[in-house]
Amino acid sequence: KDLIWARLGYTALIAAFTLAFTWIVAIPIGIYAATHQYKVGDNVATFVGMAGLSIPDFMLALVLMVLAQRWFGFSVGGLFSREYLDAPWSIAKFIDLLKHLWVPVFVVGISGTAGLMRIMRGNLLDILNMQYVQAARARGLREPTVIIKHAVRNAIHPLIMLLGLSLPSIISGSLVVSIVLGLNTTGPLYFNALRQQDMYLAGTILMFLAGMLVI
């Protein structure tokens with residue numbers, strides 16, 4: 001229990017930040033791509049989305065580690081710098097955690113962002129061609145009001161239904177990334193438990209993750 005509980009909090013933190021990153025980035029881009037269909041912005045978003053779906057997570061993690069270290073001087077790898085590993089919690093330690101957290105959040109979330117963006121674009125394009133949207137335009141409503149208040153509210157419903165089901169893909173995607181970056185999460189612990197055939201530890205980790213999914 002002590003082994004899992006220490007790592008489960010960081011796993012949930014990365015998952016929560018990844019979900020927030022995915023929605024904050026994907027929804028506006030999907031709306032922009034749908035309202036500017038076949039224009040330069042839509043083509044760029046489509047290209048970036050396909051690249052995000054195609055690039056392996058571990059390769060992107062390695063590239064970001066090199067760029068962050070050489071260009072920005074960040075100490076990437078793990079969740080804390082050496083001087084904060086055993087230090088008590090403080091504002092400085094929390095800031096250090098955020099400096100290390102952005103790499104796994106970006107790497108794990110980029111493929112989900114690309115997929116969510118494509119779904120949002122397709123849903124919104126279907127909604128914009130419906131008669132009630134055309135009727136709202138005929139009543140003289142401003143185009144931003146028509147899109148945000150009438151079209152987006154209905155186009156986002158399928159994405160909300162998929163919100164809970166995105167947690168397993170985030171956790172499974174973070175397993176390889178956690179091993180590459182040396183993160184203190186449940187992914188490496190679960191992998192080592194399977195290698196050592198420790199079925200009690202592996203089964204307990206699965207039970208905790210299943211509980212998170214149900215919640």
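All values below come from the heavy atoms of this structure, side chains included, with hydrogens, waters and symmetry mates left out.
Side-chain atoms of T35 come within 3.5 Å of backbone N or O of I31 as a donor-acceptor pair. In this structure a side-chain-to-backbone donor-acceptor pair under 3.5 Å is missing from K93 to P88.
Distance CG/N123 to CG/N154: 10.5 Å, rounded to 0.5 Å. Taking CG of L125 as the reference point, atom CE of M120 lies at 10.0 Å (rounded to 0.5 Å). Separation of atoms CG (L201) and CD1 (I205) is listed at 4.0 Å; rounding is to 0.5 Å. Note that the CH2 atom of W23 and the CE atom of M117 stand 15.0 Å from one another [nearest 0.5 Å]. Interatomic distance, L124 CG to Q37 CD, rounded to the nearest 0.5 Å: 10.0 Å. Between atom OG of residue S90 and atom CD1 of residue I95 there is a gap of 8.5 Å, rounded to the nearest 0.5 Å.
Listed by first and then second residue, the side-chain hydrogen bond (donor to acceptor under 3.5 Å, both in side chains) pairs that reach into residues 205-215 come to none, sequence neighbours excluded. Screening residues 30-40 for salt bridge (charged side-chain N to carboxylate O under 4.0 Å, His left out) gives no qualifying pairs among residues at least two apart or on separate chains. For residues 132-171, the set of pairs meeting the ring-ring contact (aromatic ring centres under 6.0 Å, His included) definition, not counting sequence neighbours, is empty. Every pair passing side-chain hydrogen bond (donor to acceptor under 3.5 Å, both in side chains) that includes a residue from residues 7-21 is listed here, sequence neighbours excluded: R7-N184, T11-T186.
Residues I156 and I24 do not share a hydrophobic cluster, defined by chaining ILVMFWY side chains whose heavy atoms lie under 4.5 Å apart. Side-chain heavy atoms closer than 4.5 Å link hydrophobic residues (I, L, V, M, F, W, Y) into clusters, and following such links, possibly through other members, connects W102 to L13. Residues L181 and I55 fall within the same hydrophobic cluster, defined by Ile, Leu, Val, Met, Phe, Trp and Tyr side chains chained together at heavy-atom separations under 4.5 Å. I160 and I127 fall within a single hydrophobic cluster, where Ile, Leu, Val, Met, Phe, Trp and Tyr are joined by side-chain heavy atoms under 4.5 Å apart, directly or via other members. Linking ILVMFWY residues whenever their side-chain heavy atoms come closer than 4.5 Å, directly or via other members, leaves M207 and L194 in distinct clusters.
Taking 4.5 Å as the limit, every side-chain heavy atom of D42 sits out of range of all side-chain heavy atoms of Y32. Y190 has its side chain within reach of L206: a pair of non-hydrogen atoms, C-beta onward, lies under 4.5 Å apart. Annotation: side chain of I14 is in contact with side chain of L183 (closest heavy-atom distance under 4.5 Å). With a 4.5 Å cut-off on side-chain heavy atoms, L128 and Q134 do not count as touching. L97 has its side chain within reach of W89: a pair of non-hydrogen atoms, C-beta onward, lies under 4.5 Å apart. In this structure, L159 and I27 have side chains that are in contact, with non-hydrogen atoms separated by less than 4.5 Å. Contact of the V25 side chain with the F106 side chain is not registered, since no non-hydrogen atoms from C-beta on lie closer than 4.5 Å.
With sequence neighbours excluded, no residue forms a salt bridge (Lys or Arg N to Asp or Glu O under 4.0 Å) with D96. By the salt bridge (Lys or Arg N to Asp or Glu O under 4.0 Å) test, R137 is found to be paired with E143, residues two or more places apart in sequence or in another chain being considered.
F21 and I110 get closest at one heavy-atom pair: CE2-N, 4.3 Å. A114 and G49 make their closest contact through CB-O, 3.1 Å (heavy atoms, listed as atom of the first residue, atom of the second, distance).
No side-chain N or O of T46 forms a donor-acceptor pair with one of R121 less than 3.5 Å apart.
Residue M161 places its CE atom among 12 or fewer non-hydrogen atoms of other residues, nucleotides or ligands, all under 6.0 Å distant. Counting non-hydrogen atoms of neighbouring residues, nucleotides and ligands closer than 6.0 angstrom, the CD1 atom of I91 reaches no more than 12 such neighbours.
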